[in-house]
Amino acid sequence: QAQLVESGGGLVQAGGSLRLSCVASERTFSNYAMGWFRQAPGKDRVFVATIDWSGYSADYAESVKGRFTISRDNAKNTVYLQMNSLRPEDTAVYYCAARRRIAYSANQLDYDYWGQGTQVTVSS
């Protein structure tokens with residue numbers, strides 16, 4: 001069973017940047033599509049970004065397009081989320097997820113493994 005550990009969260013001012021990382025313990029990581037989701041206080045967890053096994057195909061929520069970039073390094077079993085031009089409404093706990101399929105998905109029900117989450121707080 002894959003274990004996912006996120007890091008890189010923190011407090012940043014509006015307009016700033018953060019890069020989240022998620023390291024997977026599973027040796028077959030390169031066969032998994034990966035995703036990032038977030039949950040703001042009092043709200044449901046929602047899709048942010050997803051990437052296929054190869055790293056060549058990705059999809060984003062409309063709210064983050066042009067600001068966030070998902071990428072992966074299969075040699076390091078790591079997926080990243082580069083977040084630029086951060087806004088207060090990006091404040092949330094960010095979760096990394098792994099899907100035992102090569103194709104990406106924006107549906108969190110398609111994911112098999114989840115990390116514990118990392119807090120991102122954007123001040124105005």
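Numbering starts at 1 and runs along the sequence shown.
Between Val79 and Trp36 there is a side-chain heavy-atom pair separated by less than 4.5 Å. Residues Leu4 and Val23 fail the side-chain proximity criterion, which asks for heavy atoms closer than 4.5 Å.
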Worksheet entry | Verdict with supporting geometry, Phe29 and Met34, side-chain contact (heavy atoms from CB on, under 4.5 Å) | CA-CA 9 Å; Phe29 169 81; Met34 301 295 294; 3.6 Å; yes
Item to complete: Check the pair Arg38, Tyr94 against side-chain hydrogen bond (donor to acceptor under 3.5 Å, both in side chains), reporting the backbone distance first and the verdict last.
Response: CA-CA 4 Å; Arg38 68 186 181 187; Tyr94 283 71; 2.8 Å; yes
Worksheet item: Which is it for Ser105 and Asp110 under the side-chain hydrogen bond (donor to acceptor under 3.5 Å, both in side chains) test, yes or no, and what are the steps along the way?
Response: CA-CA 7 Å; Ser105 173; Asp110 289 338; 2.6 Å; yes
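Considering CG of Asn31 and CD1 of Ile102, their distance stands at 8.5 Å, rounded to 0.5 Å. To the nearest 0.5 angstrom, Ile51 atom CD1 is 6.0 Å from Ser71 atom OG. With rounding to the nearest 0.5 angstrom, the CZ atom of Arg72 is 13.5 Å from the OG atom of Ser21. The SG atom of Cys22 sits 10.0 Å away from atom CG of Asn77, with the distance rounded to the nearest 0.5 Å.
The hydrophobic cluster containing Leu81 does not contain Val93, counting ILVMFWY residues as joined when their side-chain heavy atoms lie under 4.5 angstrom apart, directly or transitively. Linking ILVMFWY side-chain heavy atoms closer than 4.5 Å, directly or via other members, places Phe47 and Met83 in two distinct hydrophobic clusters.
Both cation-pi conditions hold for Arg19 and Tyr80: the charged atom is under 6.0 angstrom from the six-membered ring centre and inside a 45 degree cone around its axis. A cation-pi arrangement is absent between Arg67 and Tyr60 under the rule of less than 6.0 angstrom and at most 45 degrees off the ring axis.
Between Phe68 and Val48, the shortest heavy-atom distance links the atoms CD2-CG1, 3.8 Å. Across every non-hydrogen atom of Pro88 and Ser124, the tightest pair is CG-CB, 3.8 Å. Nearest heavy-atom pair across Ala97 and Tyr111 is CB-CD2, 3.5 Å. The two residues Leu20 and Val120 make their nearest non-hydrogen contact at CD2-CG2, 4.0 Å. The two residues Gln39 and Lys43 have their closest heavy-atom pair at NE2-O, 3.0 Å. Shown here for Val122 and Thr91, the closest heavy-atom pair between the two residues is N-OG1, 2.9 Å.
Distance alone, capped at 3.5 Å, is enough to place a donor-acceptor pair between the Asn74 side chain and the Trp53 backbone. Side-chain N or O atoms of Thr78 include one that pairs as donor or acceptor with a backbone N or O of Lys76 at under 3.5 Å. A donor-acceptor distance shorter than 3.5 angstrom exists from the side chain of Glu6 to the backbone of Cys96, with no hydrogens or angles considered. Between the side chain of Asp52 and the backbone N or O of Ala33, no donor-acceptor pair lies under 3.5 Å.
In this structure, Phe37 and Trp114 have tilted ring planes: the angle between them lies in the 30° to 60° band.
Within a 6.0 Å radius of CG in Asn107, other residues, nucleotides and ligands contribute more than 12 heavy atoms. Residue-environment remark: CZ (Arg45) exceeds the threshold of 12 foreign heavy atoms within 6.0 Å.
Side-chain contact check for Asp59 and Thr50: no donor-acceptor pair (N or O, by modelled atom type) lies under 3.5 Å.
Test Gln3, Arg99, Arg100 against Tyr113 for side-chain contact (heavy atoms from CB on, under 4.5 Å) and you get one pass: Arg100.
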